[in-house]
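Chain identifiers are assigned alphabetically (A, B, ...) following the order of the sequence lines, protein sequences preceding nucleic acid strands; residue numbering begins at 1 within each chain.
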Amino acid sequence: MKYWLVKSEADVYSIYDMEKDEITFWDGVRNYQARNFLREMKIGDKVLFYHSNSDVIGVVGLCEVVKESYPDFTQFDKKSKYYDPKSKLDNPTWFMVDIKFVKKFKRTVTLEEIKKNSKLKNMKLVQKGNRLSVMPVMKDEFDEIIKMAGE
DNA sequence: GCCAACGTTGGC
DNA sequence: GCCAACGTTGGC
């Protein structure tokens with residue numbers, strides 16, 4: 001099993017939306033590296049849910065992969081802001097997965113705390129200039145985040 | 001709102 | 001293939 005972290009702007013799609021929807025498709029990833037990570041996701045993989053552009057920035061909950069990668073339909077939708085005119089129906093460029101809400105943490109593990117924790121210094125999240133919206137997390141890092149969340 | 005750090009685009 | 005210009009992300 002693998003572990004991941006996905007970022008979402010809190011005012012666009014938050015853990016509360018996720019809780020309400022229970023299952024959501026993770027659309028709109030338009031970065032090749034992030035896409036490649038999406039395609040590696042397997043059913044049952046654990047996904048940390050991270051709020052960016054938020055009053056409280058950090059990991060707010062846990063989700064799980066329930067459907068493995070399939071073409072992101074928004075790339076073919078001219079009305080979508082994720083529309084990609086270069087992508088071909090028979091050879092899609094962009095993919096998405098379905099993830100299921102598991103839990104909202106009792107407390108947020110903030111970016112500040114993550115930066116201060118020497119066990120987490122190798123996390124992609126805190127490495128220089130990293131803007132990936134989907135990234136892998138090591139098992140020990142995942143366990144440490146869960147511990148910090150008091151779960 | 002600012003801006004650093006990228007990634008992408010397109011002319012050459 | 002290079003690189004300037006532009007767009008986006010995301011912390012602050």
Taking OP1 and OP2 of dA4(B), is either one under 4.0 Å from a side-chain nitrogen or oxygen of Lys128(A)? no
How many whole angstroms separate atom CD of Glu112(A) from atom P of dG10(C)? 19 Å
Protein-nucleotide distance (Asn31(A), atom CG; dG7(C), atom P), rounded to Å: 18 Å
Can you tell me if CD on Glu112(A) sees more than 12 non-hydrogen neighbours from other groups inside 6.0 Å? no
Nearest to the Arg131(A) side chain among dG10(C), dT8(B), dG11(C), which nucleotide is it? dG10(C)
Are any of Lys7(A)'s side-chain N or O atoms less than 4.0 Å away from OP1 or OP2 of dG10(C)? yes
For dG11(C), take OP1 and OP2 only and decide whether either is under 4.0 Å from a side-chain N or O of Tyr50(A). yes
Trp26(A) and Phe37(A): aromatic ring centres closer than 6.0 Å? no
Protein-nucleotide distance (Asn130(A), atom CG; dC6(B), atom P), rounded to Å: 9 Å
Taking the six-membered ring for Trp, are Tyr13(A) and Phe49(A) parallel (under 30°), tilted (30 to 60°) or perpendicular (over 60°)? tilted
If the cut-off is 4.0 Å, is Lys81(A) near the phosphate of dG7(C), judged by side-chain N/O to OP1 or OP2? no
Test item: side-chain donor near acceptor, Arg30(A) and Thr74(A), under 3.5 Å: yes
Starting at atom NZ of Lys124(A), determine the distance to atom C1' of dC6(B), rounded to an integer number of angstrom. 15 Å
Just checking, any donor-acceptor pair under 3.5 angstrom between side chains of Tyr70(A) and Asp98(A)? yes
Output the rounded distance in Å from CG (Leu132(A)) to P (dG7(B)). 8 Å
Side-chain donor or acceptor of Arg30(A) under 3.5 Å from a matching atom on the base of dT8(C)? no
Rounded to whole Å, CG of Asp55(A) lies from P of dC12(C) at a distance of 14 Å
Nearest whole Å is fine: how far is dT8(C) P from Tyr82(A) OH? 12 Å
Starting at atom CD of Gln33(A), determine the distance to atom C1' of dC6(B), rounded to an integer number of angstrom. 11 Å
dT9(B), OP1 or OP2 - any side-chain N/O from Lys86(A) closer than 4.0 Å? yes
